[in-house]
Student: 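Take a look at this one; I'll ask things after.
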Amino acid sequence: ICQKLSIDTYIKLKLYTMKSLLTKSTWILSLGLLLSSCGGKESKKATTEEVPAEASKTKTLDIEKPQLTFGFIKLTDMAPLAIAKEKGFFEEEGLFVSVEAQSNWKNVLDRVIDGQLDGSHMLAGQPIATGAGFGRQAELVTAFSMDLNGNGITVSNDVWAKMKPNVPKDIDGKPIHPIKADALKPVITEYKNKGNAFKMGMVFPVSTHNYEIRYWLAAAGINPGMYTADNVQGQIGADVLLSVTPPPQMPATLEAGTIYGYCVGEPWNQQAVFKGIGVPVVTNYDIWKNNPEKVFVMTKKFVDENPNTAIAVTKALIRAGKWLDEPENRAEAVKILSMSQYVGADEVVLANSMTGTFEFEKGDKREMPDFNVFYKYNATYPFYSDGIWFLTQMRRWGQIPNSKPADWYANTIKKIYRPDIWKKAADLLVAEGNIPAADVPKTDGYKPVTTDFIDGTKYDAKDPIGYINSFKIGNKDKK
(Lines give C-alpha, C1' and ligand atoms only; values in the text may rest on other atoms or scores of the structure.)
Protein backbone atom coordinates (compact mmCIF):
# COMPACT_ATOMS: atom_id res chain seq x y z
CA ILE A 1 0.00 0.00 0.00
CA CYS A 2 2.84 2.34 0.91
CA GLN A 3 4.60 1.72 -2.41
CA LYS A 4 1.37 2.40 -4.35
CA LEU A 5 0.80 5.55 -2.31
CA SER A 6 4.29 6.74 -3.15
CA ILE A 7 3.79 6.32 -6.90
CA ASP A 8 0.36 7.97 -6.92
CA THR A 9 1.61 10.80 -4.75
CA TYR A 10 4.65 11.19 -7.01
CA ILE A 11 2.43 11.74 -10.04
CA LYS A 12 0.05 14.10 -8.28
CA LEU A 13 2.84 16.12 -6.73
CA LYS A 14 4.62 16.46 -10.06
CA LEU A 15 1.49 17.66 -11.85
CA TYR A 16 0.70 20.06 -9.02
CA THR A 17 4.27 21.31 -9.03
CA MET A 18 4.16 22.12 -12.73
CA LYS A 19 0.90 24.01 -12.29
CA SER A 20 1.81 25.98 -9.20
CA LEU A 21 5.37 26.75 -10.30
CA LEU A 22 7.02 25.46 -7.13
CA THR A 23 10.76 25.18 -7.62
CA LYS A 24 12.15 21.84 -8.60
CA SER A 25 14.43 21.63 -5.57
CA THR A 26 11.53 22.19 -3.20
CA TRP A 27 9.52 19.44 -4.89
CA ILE A 28 12.38 16.97 -4.79
CA LEU A 29 13.01 17.62 -1.10
CA SER A 30 9.31 17.21 -0.25
CA LEU A 31 9.02 14.06 -2.31
CA GLY A 32 12.13 12.61 -0.73
CA LEU A 33 10.76 13.14 2.77
CA LEU A 34 7.43 11.57 1.78
CA LEU A 35 8.98 8.48 0.22
CA SER A 36 11.45 7.97 3.05
CA SER A 37 8.60 7.96 5.52
CA CYS A 38 7.19 4.96 3.65
CA GLY A 39 10.57 3.26 3.44
CA GLY A 40 10.61 3.26 -0.39
CA LYS A 41 13.86 2.83 -2.29
CA GLU A 42 12.97 5.85 -4.40
CA SER A 43 13.73 8.09 -1.41
CA LYS A 44 17.47 7.68 -1.66
CA LYS A 45 17.52 8.74 -5.31
CA ALA A 46 15.07 11.57 -4.77
CA THR A 47 16.92 13.13 -1.85
CA THR A 48 20.31 13.01 -3.55
CA GLU A 49 19.23 15.07 -6.60
CA GLU A 50 19.67 18.84 -6.36
CA VAL A 51 18.14 21.12 -8.99
CA PRO A 52 18.77 24.86 -8.70
CA ALA A 53 15.66 26.90 -7.94
CA GLU A 54 14.55 29.48 -10.50
CA ALA A 55 13.26 32.55 -8.73
CA SER A 56 10.35 34.35 -10.39
CA LYS A 57 10.96 37.95 -11.39
CA THR A 58 7.28 38.78 -10.96
CA LYS A 59 6.36 41.25 -8.23
CA THR A 60 2.94 40.14 -7.05
CA LEU A 61 0.38 42.88 -6.41
CA ASP A 62 -2.13 42.92 -3.59
CA ILE A 63 -4.76 40.87 -5.42
CA GLU A 64 -8.34 41.63 -4.42
CA LYS A 65 -9.87 38.57 -6.11
CA PRO A 66 -7.44 35.69 -6.78
CA GLN A 67 -10.02 33.08 -7.85
CA LEU A 68 -11.27 33.95 -11.33
CA THR A 69 -13.37 32.37 -14.08
CA PHE A 70 -12.82 33.47 -17.68
CA GLY A 71 -14.72 32.51 -20.82
CA PHE A 72 -13.78 31.95 -24.44
CA ILE A 73 -15.07 30.68 -27.76
CA LYS A 74 -13.22 27.81 -29.49
CA LEU A 75 -11.04 29.88 -31.80
CA THR A 76 -7.26 30.06 -32.13
CA ASP A 77 -7.25 33.70 -31.04
CA MET A 78 -8.23 32.64 -27.53
CA ALA A 79 -4.59 31.50 -27.30
CA PRO A 80 -3.37 34.18 -24.83
CA LEU A 81 -5.80 32.81 -22.23
CA ALA A 82 -4.68 29.22 -22.74
CA ILE A 83 -0.99 30.16 -22.68
CA ALA A 84 -1.29 32.42 -19.62
CA LYS A 85 -2.83 29.46 -17.80
CA GLU A 86 -0.68 26.62 -19.13
CA LYS A 87 2.65 28.45 -18.87
CA GLY A 88 1.91 29.65 -15.35
CA PHE A 89 1.74 33.40 -16.06
CA PHE A 90 -1.57 33.76 -14.21
CA GLU A 91 -0.26 31.90 -11.18
CA GLU A 92 2.92 33.97 -11.05
CA GLU A 93 0.63 36.97 -10.61
CA GLY A 94 -1.17 35.27 -7.71
CA LEU A 95 -4.20 34.45 -9.85
CA PHE A 96 -5.95 31.08 -9.91
CA VAL A 97 -7.91 31.06 -13.13
CA SER A 98 -10.49 28.69 -14.54
CA VAL A 99 -10.90 29.02 -18.33
CA GLU A 100 -14.23 27.78 -19.68
CA ALA A 101 -15.48 27.36 -23.26
CA GLN A 102 -18.78 29.11 -24.04
CA SER A 103 -21.43 28.15 -26.59
CA ASN A 104 -21.76 31.41 -28.53
CA TRP A 105 -20.94 35.11 -28.43
CA LYS A 106 -24.30 36.17 -26.97
CA ASN A 107 -23.77 33.76 -24.09
CA VAL A 108 -20.28 35.21 -23.54
CA LEU A 109 -21.64 38.74 -23.38
CA ASP A 110 -24.54 37.90 -21.08
CA ARG A 111 -22.41 35.91 -18.64
CA VAL A 112 -19.83 38.69 -18.30
CA ILE A 113 -22.51 41.35 -17.79
CA ASP A 114 -24.36 39.17 -15.28
CA GLY A 115 -21.18 38.43 -13.31
CA GLN A 116 -21.08 34.69 -14.01
CA LEU A 117 -17.74 35.24 -15.72
CA ASP A 118 -15.10 37.62 -14.37
CA GLY A 119 -13.89 38.33 -17.89
CA SER A 120 -13.78 36.83 -21.34
CA HIS A 121 -12.29 36.57 -24.79
CA MET A 122 -14.72 38.70 -26.75
CA LEU A 123 -15.39 40.24 -30.14
CA ALA A 124 -13.94 43.75 -30.26
CA GLY A 125 -17.35 45.10 -31.26
CA GLN A 126 -19.15 43.65 -28.25
CA PRO A 127 -18.00 45.99 -25.47
CA ILE A 128 -18.21 48.88 -27.94
CA ALA A 129 -21.82 48.09 -28.88
CA THR A 130 -22.86 47.86 -25.22
CA GLY A 131 -21.65 51.43 -24.72
CA ALA A 132 -22.87 52.80 -28.05
CA GLY A 133 -26.55 51.89 -27.89
CA PHE A 134 -26.76 48.75 -30.04
CA GLY A 135 -28.06 45.59 -28.39
CA ARG A 136 -27.80 44.94 -24.66
CA GLN A 137 -26.40 47.90 -22.77
CA ALA A 138 -23.77 47.69 -20.04
CA GLU A 139 -20.51 49.27 -18.89
CA LEU A 140 -17.74 47.02 -20.21
CA VAL A 141 -14.05 47.78 -20.59
CA THR A 142 -11.02 46.28 -22.28
CA ALA A 143 -7.39 46.85 -21.36
CA PHE A 144 -6.00 44.16 -23.66
CA SER A 145 -6.21 43.50 -27.39
CA MET A 146 -5.81 39.76 -27.89
CA ASP A 147 -4.56 39.62 -31.47
CA LEU A 148 -4.32 41.08 -34.95
CA ASN A 149 -5.70 39.46 -38.12
CA GLY A 150 -6.71 35.79 -37.90
CA ASN A 151 -9.94 35.69 -39.98
CA GLY A 152 -10.78 34.56 -43.48
CA ILE A 153 -13.66 34.43 -45.93
CA THR A 154 -14.45 30.96 -47.28
CA VAL A 155 -16.85 30.01 -50.08
CA SER A 156 -18.32 26.67 -51.08
CA ASN A 157 -16.66 24.56 -53.77
CA ASP A 158 -19.46 25.40 -56.21
CA VAL A 159 -19.12 29.13 -55.65
CA TRP A 160 -15.32 28.91 -55.97
CA ALA A 161 -15.63 27.01 -59.27
CA LYS A 162 -17.74 29.90 -60.59
CA MET A 163 -15.49 32.60 -59.08
CA LYS A 164 -12.19 31.18 -60.25
CA PRO A 165 -12.48 32.16 -63.94
CA ASN A 166 -12.94 35.79 -62.78
CA VAL A 167 -9.76 35.79 -60.67
CA PRO A 168 -6.48 37.06 -62.20
CA LYS A 169 -3.74 34.39 -62.43
CA ASP A 170 0.04 34.53 -62.17
CA ILE A 171 2.42 33.00 -64.73
CA ASP A 172 2.04 29.62 -63.04
CA GLY A 173 -1.73 29.75 -63.29
CA LYS A 174 -2.28 30.32 -59.58
CA PRO A 175 -4.80 32.90 -58.34
CA ILE A 176 -3.32 36.29 -57.53
CA HIS A 177 -4.08 37.34 -53.97
CA PRO A 178 -5.76 39.23 -52.48
CA ILE A 179 -8.92 38.17 -54.28
CA LYS A 180 -11.46 40.97 -54.39
CA ALA A 181 -15.22 40.47 -54.25
CA ASP A 182 -15.40 41.65 -57.87
CA ALA A 183 -14.82 37.98 -58.73
CA LEU A 184 -17.89 37.03 -56.70
CA LYS A 185 -20.23 39.65 -58.14
CA PRO A 186 -21.25 37.77 -61.31
CA VAL A 187 -21.75 34.60 -59.26
CA ILE A 188 -24.21 36.41 -57.01
CA THR A 189 -26.06 37.63 -60.09
CA GLU A 190 -26.20 34.08 -61.47
CA TYR A 191 -27.68 32.76 -58.23
CA LYS A 192 -30.25 35.56 -58.07
CA ASN A 193 -31.27 34.99 -61.73
CA LYS A 194 -32.04 31.38 -60.80
CA GLY A 195 -34.21 32.56 -57.92
CA ASN A 196 -31.69 31.76 -55.19
CA ALA A 197 -30.86 34.41 -52.60
CA PHE A 198 -27.10 34.45 -52.02
CA LYS A 199 -26.56 33.68 -48.34
CA MET A 200 -23.37 34.01 -46.32
CA GLY A 201 -22.58 33.59 -42.64
CA MET A 202 -20.81 35.71 -40.05
CA VAL A 203 -20.49 35.09 -36.35
CA PHE A 204 -22.33 37.99 -34.67
CA PRO A 205 -23.92 41.32 -35.66
CA VAL A 206 -21.12 43.35 -33.98
CA SER A 207 -18.30 40.97 -34.86
CA THR A 208 -15.21 41.96 -36.77
CA HIS A 209 -16.31 39.31 -39.25
CA ASN A 210 -19.58 41.11 -40.01
CA TYR A 211 -17.76 44.38 -40.71
CA GLU A 212 -14.97 42.69 -42.67
CA ILE A 213 -17.25 40.71 -44.98
CA ARG A 214 -19.37 43.85 -45.46
CA TYR A 215 -16.28 45.89 -46.24
CA TRP A 216 -15.02 43.28 -48.74
CA LEU A 217 -18.40 43.03 -50.50
CA ALA A 218 -19.10 46.78 -50.56
CA ALA A 219 -15.63 47.53 -51.98
CA ALA A 220 -16.81 45.66 -55.09
CA GLY A 221 -20.15 47.46 -55.22
CA ILE A 222 -22.08 44.59 -53.60
CA ASN A 223 -24.61 45.82 -51.04
CA PRO A 224 -24.44 43.71 -47.85
CA GLY A 225 -27.62 45.28 -46.43
CA MET A 226 -28.52 47.97 -43.93
CA TYR A 227 -29.77 48.03 -40.36
CA THR A 228 -32.34 50.45 -38.98
CA ALA A 229 -33.68 51.11 -35.49
CA ASP A 230 -36.67 48.90 -36.35
CA ASN A 231 -34.87 46.24 -38.39
CA VAL A 232 -31.87 44.62 -36.74
CA GLN A 233 -31.43 41.86 -39.32
CA GLY A 234 -29.17 44.04 -41.45
CA GLN A 235 -30.62 42.83 -44.75
CA ILE A 236 -32.42 45.93 -46.06
CA GLY A 237 -31.50 46.42 -49.74
CA ALA A 238 -29.03 43.53 -49.57
CA ASP A 239 -27.46 41.79 -52.57
CA VAL A 240 -26.09 39.20 -50.12
CA LEU A 241 -28.07 37.99 -47.11
CA LEU A 242 -25.79 37.82 -44.07
CA SER A 243 -26.86 35.78 -41.05
CA VAL A 244 -25.34 34.63 -37.76
CA THR A 245 -23.76 31.19 -37.31
CA PRO A 246 -21.56 30.27 -34.29
CA PRO A 247 -17.92 29.75 -35.40
CA PRO A 248 -17.60 25.98 -34.77
CA GLN A 249 -20.79 25.38 -36.79
CA MET A 250 -19.64 27.26 -39.89
CA PRO A 251 -18.17 24.30 -41.86
CA ALA A 252 -21.22 22.07 -41.24
CA THR A 253 -23.61 24.89 -42.20
CA LEU A 254 -21.66 25.43 -45.42
CA GLU A 255 -21.60 21.71 -46.18
CA ALA A 256 -25.37 21.51 -45.65
CA GLY A 257 -25.88 24.25 -48.26
CA THR A 258 -27.62 26.59 -45.81
CA ILE A 259 -25.03 29.24 -46.64
CA TYR A 260 -22.69 29.61 -49.63
CA GLY A 261 -19.81 31.20 -47.78
CA TYR A 262 -18.77 32.70 -44.47
CA CYS A 263 -16.36 34.94 -42.61
CA VAL A 264 -14.88 33.37 -39.49
CA GLY A 265 -11.71 33.01 -37.44
CA GLU A 266 -9.43 30.03 -37.39
CA PRO A 267 -9.43 27.09 -37.42
CA TRP A 268 -12.79 27.08 -39.21
CA ASN A 269 -11.53 28.29 -42.61
CA GLN A 270 -8.77 25.69 -42.64
CA GLN A 271 -11.29 23.10 -41.48
CA ALA A 272 -13.22 23.66 -44.72
CA VAL A 273 -10.02 22.97 -46.69
CA PHE A 274 -9.23 19.93 -44.55
CA LYS A 275 -12.72 18.49 -45.12
CA GLY A 276 -12.74 19.42 -48.82
CA ILE A 277 -15.99 21.38 -48.59
CA GLY A 278 -14.83 24.94 -49.32
CA VAL A 279 -12.07 27.32 -50.31
CA PRO A 280 -10.84 30.37 -48.37
CA VAL A 281 -10.55 33.25 -50.84
CA VAL A 282 -9.25 36.15 -48.74
CA THR A 283 -7.98 36.83 -45.22
CA ASN A 284 -8.73 39.86 -43.11
CA TYR A 285 -5.02 40.74 -43.25
CA ASP A 286 -5.73 41.63 -46.89
CA ILE A 287 -9.00 43.40 -46.10
CA TRP A 288 -7.33 45.56 -43.44
CA LYS A 289 -3.65 44.93 -42.77
CA ASN A 290 -2.94 44.19 -39.09
CA ASN A 291 -6.50 44.85 -38.04
CA PRO A 292 -7.53 44.34 -34.39
CA GLU A 293 -9.55 41.22 -33.77
CA LYS A 294 -10.56 39.99 -30.28
CA VAL A 295 -10.24 41.78 -26.94
CA PHE A 296 -10.29 40.65 -23.32
CA VAL A 297 -13.27 42.20 -21.55
CA MET A 298 -14.31 42.80 -17.94
CA THR A 299 -17.07 44.95 -16.50
CA LYS A 300 -16.26 48.47 -15.36
CA LYS A 301 -17.59 47.46 -11.95
CA PHE A 302 -15.10 44.58 -11.70
CA VAL A 303 -12.17 46.79 -12.70
CA ASP A 304 -13.19 49.55 -10.29
CA GLU A 305 -13.56 47.13 -7.39
CA ASN A 306 -10.48 45.03 -8.25
CA PRO A 307 -7.93 47.38 -9.82
CA ASN A 308 -4.85 45.33 -8.91
CA THR A 309 -6.49 42.15 -10.15
CA ALA A 310 -7.24 43.84 -13.48
CA ILE A 311 -3.60 44.93 -13.79
CA ALA A 312 -2.33 41.46 -12.87
CA VAL A 313 -4.60 39.80 -15.44
CA THR A 314 -3.34 42.23 -18.08
CA LYS A 315 0.28 41.52 -17.13
CA ALA A 316 -0.21 37.77 -17.53
CA LEU A 317 -1.94 38.20 -20.90
CA ILE A 318 0.77 40.52 -22.24
CA ARG A 319 3.38 37.91 -21.30
CA ALA A 320 1.31 35.23 -23.02
CA GLY A 321 1.12 37.32 -26.19
CA LYS A 322 4.89 37.80 -26.15
CA TRP A 323 5.45 34.07 -25.68
CA LEU A 324 3.10 33.28 -28.57
CA ASP A 325 4.92 35.56 -31.00
CA GLU A 326 8.25 33.85 -30.46
CA PRO A 327 8.33 31.53 -33.52
CA GLU A 328 9.94 28.64 -31.68
CA ASN A 329 6.88 28.46 -29.40
CA ARG A 330 4.20 28.14 -32.08
CA ALA A 331 4.43 24.34 -32.37
CA GLU A 332 3.90 24.00 -28.62
CA ALA A 333 1.05 26.51 -28.80
CA VAL A 334 -0.63 24.36 -31.45
CA LYS A 335 -0.41 21.32 -29.17
CA ILE A 336 -1.90 23.26 -26.27
CA LEU A 337 -4.74 24.70 -28.38
CA SER A 338 -5.56 21.25 -29.79
CA MET A 339 -6.45 20.07 -26.27
CA SER A 340 -10.17 19.42 -25.84
CA GLN A 341 -10.56 22.04 -23.10
CA TYR A 342 -9.36 24.74 -25.49
CA VAL A 343 -9.98 24.79 -29.26
CA GLY A 344 -10.00 21.01 -29.62
CA ALA A 345 -9.21 20.96 -33.36
CA ASP A 346 -6.67 18.67 -35.05
CA GLU A 347 -3.09 19.87 -34.75
CA VAL A 348 -2.63 19.79 -38.53
CA VAL A 349 -5.61 22.12 -38.99
CA LEU A 350 -4.38 24.57 -36.33
CA ALA A 351 -0.81 24.48 -37.66
CA ASN A 352 -2.00 25.49 -41.13
CA SER A 353 -2.47 29.08 -39.95
CA MET A 354 -0.64 29.22 -36.62
CA THR A 355 2.81 28.38 -37.97
CA GLY A 356 3.21 31.09 -40.60
CA THR A 357 1.26 29.64 -43.53
CA PHE A 358 -2.30 29.69 -44.83
CA GLU A 359 -3.89 27.23 -47.23
CA PHE A 360 -6.37 28.56 -49.76
CA GLU A 361 -7.34 26.06 -52.44
CA LYS A 362 -6.32 22.53 -51.45
CA GLY A 363 -2.56 22.33 -51.95
CA ASP A 364 -2.18 26.11 -52.41
CA LYS A 365 -0.41 26.78 -49.13
CA ARG A 366 1.22 30.21 -48.96
CA GLU A 367 3.56 31.95 -46.58
CA MET A 368 1.60 34.25 -44.30
CA PRO A 369 3.77 34.97 -41.25
CA ASP A 370 1.43 37.65 -39.90
CA PHE A 371 -1.85 35.77 -40.19
CA ASN A 372 -1.90 35.38 -36.39
CA VAL A 373 -0.17 38.18 -34.47
CA PHE A 374 -0.36 38.23 -30.68
CA TYR A 375 2.34 40.71 -29.60
CA LYS A 376 4.39 42.44 -32.28
CA TYR A 377 3.18 45.68 -33.90
CA ASN A 378 1.89 46.65 -30.40
CA ALA A 379 -0.85 44.06 -30.87
CA THR A 380 -1.82 43.94 -27.19
CA TYR A 381 -2.31 47.70 -26.79
CA PRO A 382 -5.97 48.90 -26.84
CA PHE A 383 -5.71 51.77 -29.33
CA TYR A 384 -8.60 54.25 -29.38
CA SER A 385 -8.30 54.35 -33.17
CA ASP A 386 -9.06 50.63 -33.39
CA GLY A 387 -12.23 51.06 -31.36
CA ILE A 388 -13.34 54.10 -33.34
CA TRP A 389 -13.11 52.09 -36.57
CA PHE A 390 -15.77 49.73 -35.22
CA LEU A 391 -17.97 52.66 -34.28
CA THR A 392 -17.68 54.04 -37.83
CA GLN A 393 -18.81 50.70 -39.25
CA MET A 394 -21.74 50.51 -36.84
CA ARG A 395 -22.82 53.93 -38.06
CA ARG A 396 -22.04 53.16 -41.71
CA TRP A 397 -24.38 50.15 -41.72
CA GLY A 398 -27.09 51.64 -39.49
CA GLN A 399 -26.53 49.78 -36.22
CA ILE A 400 -26.10 53.26 -34.80
CA PRO A 401 -29.27 54.64 -36.43
CA ASN A 402 -28.71 58.38 -35.90
CA SER A 403 -25.82 60.64 -36.81
CA LYS A 404 -23.35 61.57 -34.08
CA PRO A 405 -20.96 64.51 -33.75
CA ALA A 406 -17.29 63.78 -34.34
CA ASP A 407 -16.31 64.09 -30.67
CA TRP A 408 -18.90 61.45 -29.70
CA TYR A 409 -16.70 58.75 -31.26
CA ALA A 410 -13.64 59.60 -29.16
CA ASN A 411 -15.62 60.23 -25.97
CA THR A 412 -17.46 56.91 -26.31
CA ILE A 413 -14.39 54.79 -26.96
CA LYS A 414 -12.37 56.33 -24.12
CA LYS A 415 -14.93 54.95 -21.65
CA ILE A 416 -14.43 51.42 -23.04
CA TYR A 417 -10.80 51.13 -24.15
CA ARG A 418 -8.49 51.46 -21.16
CA PRO A 419 -4.84 51.92 -22.21
CA ASP A 420 -4.18 53.34 -18.73
CA ILE A 421 -4.57 49.84 -17.25
CA TRP A 422 -2.43 48.35 -20.03
CA LYS A 423 0.30 50.95 -19.36
CA LYS A 424 0.41 50.17 -15.63
CA ALA A 425 0.73 46.47 -16.41
CA ALA A 426 3.39 47.02 -19.06
CA ASP A 427 5.47 49.33 -16.86
CA LEU A 428 5.54 46.65 -14.16
CA LEU A 429 6.61 44.05 -16.71
CA VAL A 430 9.42 46.32 -17.86
CA ALA A 431 10.58 46.83 -14.27
CA GLU A 432 10.55 43.07 -13.75
CA GLY A 433 12.53 42.47 -16.92
CA ASN A 434 9.72 40.49 -18.54
CA ILE A 435 9.37 42.81 -21.56
CA PRO A 436 11.72 45.44 -23.00
CA ALA A 437 10.91 49.12 -22.51
CA ALA A 438 10.90 49.55 -26.30
CA ASP A 439 7.73 47.44 -26.44
CA VAL A 440 5.71 50.11 -24.62
CA PRO A 441 4.44 52.50 -27.30
CA LYS A 442 4.64 56.25 -26.87
CA THR A 443 1.22 57.17 -28.18
CA ASP A 444 -1.86 59.28 -27.64
CA GLY A 445 -3.91 56.17 -28.37
CA TYR A 446 -4.26 56.85 -32.09
CA LYS A 447 -2.44 54.94 -34.81
CA PRO A 448 -1.18 56.91 -37.82
CA VAL A 449 -3.54 57.57 -40.73
CA THR A 450 -3.56 54.48 -42.96
CA THR A 451 -4.69 53.30 -46.40
CA ASP A 452 -3.91 49.63 -45.67
CA PHE A 453 -7.33 48.45 -46.80
CA ILE A 454 -8.27 46.27 -49.76
CA ASP A 455 -9.81 49.31 -51.52
CA GLY A 456 -7.12 51.80 -50.45
CA THR A 457 -9.55 54.06 -48.59
CA LYS A 458 -7.87 56.40 -46.10
CA TYR A 459 -8.76 55.96 -42.44
CA ASP A 460 -8.13 58.79 -40.00
CA ALA A 461 -9.65 58.00 -36.60
CA LYS A 462 -9.64 61.71 -35.74
CA ASP A 463 -12.02 62.35 -38.65
CA PRO A 464 -14.65 59.63 -38.22
CA ILE A 465 -17.39 61.44 -40.12
CA GLY A 466 -15.14 62.12 -43.09
CA TYR A 467 -14.28 58.42 -43.13
CA ILE A 468 -17.93 57.35 -43.03
CA ASN A 469 -18.78 59.73 -45.87
CA SER A 470 -15.93 58.42 -48.05
CA PHE A 471 -17.80 55.21 -48.95
CA LYS A 472 -20.25 54.83 -51.83
CA ILE A 473 -22.40 52.32 -49.94
CA GLY A 474 -23.62 53.14 -46.43
CA ASN A 475 -24.98 55.99 -44.35
CA LYS A 476 -23.70 59.56 -44.80
CA ASP A 477 -23.49 62.19 -42.09
CA LYS A 478 -23.10 65.96 -42.00
CA LYS A 479 -19.98 67.34 -40.35
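Everything numeric here is computed off the predicted structure, so don't read it as measured data.
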Student: Please say whether more than 12 non-hydrogen atoms of neighbouring residues, nucleotides or ligands are located less than 6.0 Å from NZ in K74.
Tutor: yes

Student: Quick check: closest heavy atoms across V244 and P205, and the distance to 0.1 Å?
Tutor: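 Closest approach of V244 to P205: CG2-CD, 3.7 Å.
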
Student: Minimum heavy-atom separation for L317 and A84, please, with both atom names.
Tutor: CD2-CB, 4.2 Å

Student: Could you give me the CA-CA distance, side-chain angles and deciding distance for V155 and Y260, then say whether side chain to side chain contact (heavy atoms under 4.5 Å, CB included) is met?
Tutor: CA-CA 6 Å; V155 298; Y260 306 130; over 6 Å; no

Student: Would you please indicate if the ring centroids of Y384 and Y417 are separated by under 6.0 Å?
Tutor: no

Student: Counting heavy atoms not belonging to K458, are there more than 12 under 6.0 Å from its NZ?
Tutor: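 Open.
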
Student: Before we go on, tell me: are the rings of Y285 and F358 under 6.0 Å apart, centre to centre?
Tutor: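 So the answer is no for these two rings.
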
Student: Shortest non-hydrogen contact from S470 to T457?
Tutor: OG-CG2, 3.5 Å

Student: So does K335 pair up with E347, basic N to acidic O under 4.0 Å?
Tutor: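 Yes, charged N to carboxylate O under 4.0 Å.
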
Student: Near K376 NZ, under 6.0 Å, is it more than 12 heavy atoms from other residues, nucleotides or ligands?
Tutor: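 Buried by this count: over 12 neighbours within 6.0 Å.
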
Student: Which residue is it: D452, N151, T208, N149? I am looking for the one with a side chain to side chain donor-acceptor pair (under 3.5 Å) to N291.
Tutor: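 Exactly one option meets the side chain to side chain donor-acceptor pair (under 3.5 Å) with N291, and it is N149.
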
Student: Does M146 form a side chain to side chain contact (heavy atoms under 4.5 Å, CB included) with H121? I'd like the steps, not just the answer.
Tutor: CA-CA 8 Å; M146 295 192 72; H121 167 232; 3.6 Å; yes

Student: So how far is it from T355 OG1 to N372 CG, rounded to the nearest 0.5 Å?
Tutor: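 Result: 9.5 Å between the selected atoms.
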
Student: Taking atom CD of Q233 as the centre, report whether more than 12 heavy atoms of other residues, nucleotides or ligands fall under 6.0 Å from it.
Tutor: no

Student: Do T253 and Y262 come within less than 4.5 Å of each other through their side chains, counting heavy atoms only?
Tutor: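 Counting from C-beta outward, T253 and Y262 never come under 4.5 Å.
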
Student: Could you list the residues that satisfy side chain to side chain contact (heavy atoms under 4.5 Å, CB included) with A220, not counting sequence neighbours?
Tutor: A181, D182, I222

Student: How long is the span from the CG atom in N290 to the CG atom in N284, to the nearest 0.5 Å?
Tutor: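 If we round to the nearest 0.5 Å, N290:CG and N284:CG are 9.5 Å apart.
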
Student: Can you establish whether the number of heavy atoms outside E361 located under 6.0 Å from its atom CD is more than 12?
Tutor: yes

Student: My understanding is that only residues two or more places apart in sequence, or in another chain, count here; which of them pass side chain to side chain contact (heavy atoms under 4.5 Å, CB included) with V430?
Tutor: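 For V430 the side chain to side chain contact (heavy atoms under 4.5 Å, CB included) partners, ignoring immediate neighbours, are I435, A437, V440.
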
Student: Crowded around F453 CZ? As in, over 12 foreign heavy atoms under 6.0 Å?
Tutor: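 Above 12, so yes.
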
Student: What verdict does the salt bridge (charged side-chain N to carboxylate O under 4.0 Å, His left out) test give for K185 and D239, after you've listed the backbone C-alpha separation in whole Å, the side-chain angles of each residue and the deciding distance to 0.1 Å?
Tutor: CA-CA 9 Å; K185 197 170 185 178; D239 297 320; over 6 Å; no

Student: Under a 3.5 Å threshold, yes or no: a donor from one side chain and an acceptor from the other, between Y211 and W397?
Tutor: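 Not at all, the side chains of Y211 and W397 share no donor-acceptor pair under 3.5 Å.
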
Student: Under the side chain to side chain contact (heavy atoms under 4.5 Å, CB included) rule, what do F360 and V281 come out as? Steps first, then yes or no, please.
Tutor: CA-CA 6 Å; F360 292 93; V281 292; 5.9 Å; no

Student: Which heavy-atom pair separates V282 from D286 by the least distance, and what is that distance?
Tutor: CG2-CB, 3.9 Å

Student: Look at atom NZ of K106 and say whether more than 12 heavy atoms of other residues, nucleotides or ligands are closer to it than 6.0 Å.
Tutor: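 No, because the 6.0 Å sphere around NZ of K106 holds 12 heavy atoms or fewer from other groups.
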
Student: Before accepting this row, confirm whether a basic side-chain N of the pair D460/K462 lies closer than 4.0 Å to the acidic partner's carboxylate O.
Tutor: no

Student: Hey, is NZ on K415 packed in by over 12 heavy atoms from elsewhere, all under 6.0 Å?
Tutor: no

Student: Working to the nearest 0.5 Å, report the span between CG of N308 and NZ of K424.
Tutor: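 Those atoms lie 9.0 Å apart.
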
Student: Is there a donor-acceptor pair closer than 3.5 Å between any side-chain N or O of T380 and the backbone N or O of Y375?
Tutor: no

Student: Would you mind checking if D455 and K472 are paired as a salt bridge, meaning a charged N to carboxylate O distance below 4.0 Å?
Tutor: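 Result for this pair is no, no salt bridge flagged.
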
Student: Decide yes or no for K199 and S243: does some side-chain heavy atom of the first lie under 4.5 Å from some side-chain heavy atom of the second?
Tutor: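 A side-chain contact is absent here, since even the closest heavy-atom pair is not under 4.5 Å.
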
Student: Anything under 30° is parallel, anything over 60° is perpendicular, the rest tilted; go ahead and classify Y215 against F471.
Tutor: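 Because their plane-to-plane angle is over 60°, the rings of Y215 and F471 count as perpendicular.
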
Student: Counting C-beta onward and ignoring hydrogens, is there a side-chain heavy-atom pair between I153 and M200 closer than 4.5 Å?
Tutor: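 Yes; the side chains approach each other to less than 4.5 Å.
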
Student: Over 60° means perpendicular and under 30° means parallel, so tell me whether Y191 and F198 are parallel, tilted or perpendicular.
Tutor: perpendicular

Student: Testing E92, E91, E432 one by one against R319 for a salt bridge (Lys or Arg N to Asp or Glu O under 4.0 Å), which residue passes?
Tutor: E92

Student: Might you point out which heavy atoms bring A431 and K59 nearest each other, and give the distance in Å?
Tutor: O-NZ, 4.2 Å

Student: Should the ring pair W389 and W288 be called parallel, tilted or perpendicular, given that the plane angle runs from 0 to 90° and is split at 30 and 60?
Tutor: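 The arrangement is tilted - the two ring planes meet at 30° to 60°.
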
Student: So, are K87 and E332 salt-bridged, with charged N and O less than 4.0 Å apart?
Tutor: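 So K87 pairs with E332 through a salt bridge.
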
Student: Between A272 and T154, what is the shortest heavy-atom contact and its length?
Tutor: CB-CG2, 3.9 Å

Student: Going through the distances and angles, do Q126 and W105 end up as a side chain to side chain donor-acceptor pair (under 3.5 Å)?
Tutor: CA-CA 9 Å; Q126 286 185 289; W105 290 117; 6.0 Å; no

Student: As an exercise, state the distance from CG of L109 to CZ of R136, rounded to the nearest 0.5 Å.
Tutor: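 Interatomic distance, L109 CG to R136 CZ, rounded to 0.5 Å: 6.5 Å.
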
Student: To the closest 0.5 Å, what do you measure between NZ (K289) and CG (L148)?
Tutor: 11.5 Å

Student: As an exercise, state the distance from OG1 of T314 to CH2 of W422, rounded to the nearest 0.5 Å.
Tutor: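 Answer for the OG1-CH2 pair, T314 versus W422, is 10.0 Å.
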
Student: Show your working on side chain to side chain contact (heavy atoms under 4.5 Å, CB included) between R214 and I473 and close with a plain yes or no.
Tutor: CA-CA 10 Å; R214 286 171 173 274; I473 300 176; over 6 Å; no

